Amino acid sequence: MEPSSYSASDTQASETTSIGPLMVDIEGLSLTDDDRNLLSNTWVGGLILFSRNYASPFQLAELVSAVRQCNPNLLVAVDHEGGRVQRFREGFTRIPPMRVLGERYTQNAADAIELAKQCGWLFASELRAFDIDFSFAPVLDLDYGVSSVIGDRAFSNNVDVVSVLAKALVEGMREAGMSSTGKHFPGHGAVEADSHVAIPVDSRDFESIASQDIVPFKRMIAEGLNAVMPAHVIYPKVDAHPAGFSRFWLGDVLRQQLGFNGVIFSDDLTMEGASVAGGYAKRAGAALEAGCDMILVCNNREGALEALQYLECVRERESLNESSQRLRLMQGRGGVSLENLKQSERWLAVVGRLKQLGNY
C-alpha cells in the first residue's frame, strides 16, 4: 500500500489555529495512548521522527496518518540530510553525504550544482509523499576537518562552495513543496567536541566567525532560507551562553544584523551542549527567551513533560503568536504518492544519476 496523493489544504492548519512551540518525539512504530495525549496538547506543535519510527513505507504512511488524526496542526519533521544522517532507508533513495557534492564541485561545478538541486528535490519529494512537512536541512557548517559530528555532512570548507550548493539544494526542496532549515548557526564545524555528549567551546573571536562561518547563512537568508537551527556551542569571546540560548546570537546577529525573519528552531535540548542552562524547564525558558520559535526535546519523555509543564504554567499564548505565524510557513505543500513519484521521468533520471556516482 502506498500513501495516496493529497493537496496542501488537506493538512494545513487554519489561520486561526496556533502552532505550539514544543517539538517532541515518540518511541515506537505506532502511537501509544500516552503519545496521543501528548501530541493532542495544544502547546505541542511538532513531532520529529527517527530511524526507530520507521519499518516500511506502509508503516510510515499509517503512522503519519495517525498523527494527523491526533493533531492536524502538527509539524512533522525528520533529519534526512543524506549520508549517515538519513533516518529512512529501505524504500527510500539513498542520498549521498553533502561532501560528495562538494568534491564533485571541484571537478565539474555546473554538474555539482545541478546534482545538488536534484538531490534536494528527490529527498523532499519522497518525504512529502508521506505527508512529512520538512527535513532539517541543509547543513551550512564549514568542514574544518576537526568535527566528527559535522564531517562529511558539510559540503565543503569553502564558503563559496557551501553557499552555491546549499542554494541549489534548497531550490530543489522548494520545488518539491518543502521548506528549508539551515544549521548550525553561527557554525559548528570548527570545534572537535560533539554537542550531543559534550559542551563544545569555540575560542575564535566574532570577526573570524563572521568572515567565514556566518557567510553561508547570510547568503542563504538573502535567498529566502525558511528556518535556522543554532548550535549548542559556546563562543566565549563573543557571549557566555551557547548560541541557542544567546540573545546576542539570535537577536542581535541573526534577527537584526542578518535580517532573518523566518523560524528559529532550538537544537535538541536533551543534548549535553544544552545542559549548561539547567533542567528542562530552564532550558525551555532560556531558548524561548533568547528568541527560539520552537524548542525540541527528544529522546527523554520526562524532559519533554517538564518543558510542557513550564509552557502550561509560565508562558502566555499571546507571546507566541508571532512564532506561530512563522511556523505555519514550515508546513509542507503538495505531494504525490510514492508510486506515482517513482514512475516520473525526473525521479528515474535523478536516481540513475546517483547510481553513476558509485558507492558513497
Side-chain angles (χ1 to χ4, degrees), residues 23 25 48-52 77-89 94-103 119 123 135-159 161-162 165-166 169 180-204 208-209 212-217 220 227-236 238 241-246 249-250 264-277 283 287 292 295-300 303 360:
M23 179 174 281
D25 65 327
I48 182 170
L49 299 175
F50 292 93
S51 296
R52 66 174 181 269
V78 65
D79 283 317
H80 203 85
E81 308 164 5
R84 55 196 161 97
V85 184
Q86 179 172 332
R87 304 307 187 198
F88 309 146
R89 301 279 181 158
R94 186 181 177 193
I95 305 299
M98 294 302 100
R99 178 187 287 169
V100 170
L101 301 180
E103 292 172 345
C119 281
F123 76 68
S135 169
F136 285 109
V139 170
L140 298 180
D141 300 304
L142 302 181
D143 180 13
Y144 288 93
V146 298
S147 175
S148 61
V149 73
I150 300 300
D152 64 1
R153 297 167 64 191
F155 290 102
S156 172
N157 63 355
N158 183 296
V159 296
V161 175
V162 172
L165 293 179
L169 188 89
S180 53
T181 303
K183 56 187 185 184
H184 305 81
F185 181 81
H188 198 312
V191 290
E192 182 177 355
D194 178 355
S195 55
H196 291 84
V197 296
I199 303 174
V201 175
D202 189 330
S203 60
R204 294 176 299 163
S208 299
I209 300 167
Q212 290 290 314
D213 302 63
I214 289 181
V215 173
F217 289 94
M220 288 305 301
V228 166
M229 176 178 284
H232 285 321
V233 176
I234 300 174
Y235 308 85
V238 182
H241 302 288
F245 300 130
S246 168
W249 282 116
L250 302 187
I264 301 177
F265 290 101
S266 81
D267 206 343
D268 185 2
L269 297 185
T270 67
M271 292 164 59
E272 183 63 24
S275 65
V276 295
R283 298 181 199 189
C292 290
I295 54 175
L296 280 68
V297 184
C298 315
N299 302 307
N300 187 320
Y360 48 76

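Numbering starts at 1 and runs along the sequence shown. Bear in mind that the values here come from a model prediction, so they are computed numbers and not experimental data. Atom set for the values below is all heavy atoms of this structure, side chains included, hydrogens, waters and symmetry mates excluded.
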Kindly write out the residues that satisfy salt bridge (charged side-chain N to carboxylate O under 4.0 Å, His left out) with R99, not counting sequence neighbours, or none if the list is empty.
D143
Hydrogens and angles aside, do D268 and T270 bring a side-chain donor and acceptor to less than 3.5 Å of each other?
yes
K183 side, atom NZ; D141 side, atom CG - distance, nearest 0.5 Å
9.0 Å
Sub-4.5 Å side-chain heavy-atom contact between H188 and V149
yes
Correct closest heavy-atom pair for L169 and P138 would be CD2-CB, 3.5 Å
Nearest 0.5 Å, what's the CD-OG distance between E192 and S148?
7.5 Å
How many angstroms lie between atom CG of L250 and atom CZ of F245, to the nearest 0.5 angstrom?
10.0 Å
Between L49 and V78, the two heavy atoms sitting closest are O-CG2, 3.4 Å
Kindly indicate whether a cation-pi arrangement holds for R204 with Y144, taking the cut-offs as under 6.0 Å to the six-membered ring centre and within 45° of the axis.
yes
Would you say L165 and M98 make side-chain contact, with heavy atoms under 4.5 Å?
no
Rounded to the nearest 0.5 Å, how far apart are CG of D79 and OG1 of T181?
9.5 Å
About how many Å separate CZ of F88 and CZ of F50, when rounded to the nearest 0.5 Å?
10.0 Å
Do S275 and R283 have side-chain heavy atoms sitting under 4.5 Å apart?
yes
Minimum heavy-atom separation for G187 to D213, with atom names?
CA-OD2, 4.0 Å
Within the distance-only criterion (no hydrogens, no angle test), does the side chain of D25 pair as donor or acceptor with the backbone N or O of C298 below 3.5 angstrom?
no
Report yes if the side chains of L296 and L269 come closer than 4.5 Å at any heavy-atom pair, otherwise no.
no
E81 side chain vs R153 backbone, donor-acceptor pair below 3.5 Å
no
Less than 4.5 Å apart, side chain to side chain, heavy atoms only: is that true for V85 and H80?
no
Less than 4.5 Å apart, any side-chain heavy atom of I234 and any of P200?
no
Contact check, side chains of F136 and I48, non-hydrogen atoms, under 4.5 Å
yes
Test of understanding: with salt bridge (charged side-chain N to carboxylate O under 4.0 Å, His left out), list the residues that count as partners of R89, not counting sequence neighbours.
none
Do H232 and D267 have side-chain atoms, one donor and one acceptor, less than 3.5 Å apart?
no
Any side-chain heavy atom of P186 within less than 4.5 Å of one from D202?
no
Among F217, F265, Y235, which one satisfies ring-ring contact (aromatic ring centres under 6.0 Å, His included) with F185?
F217
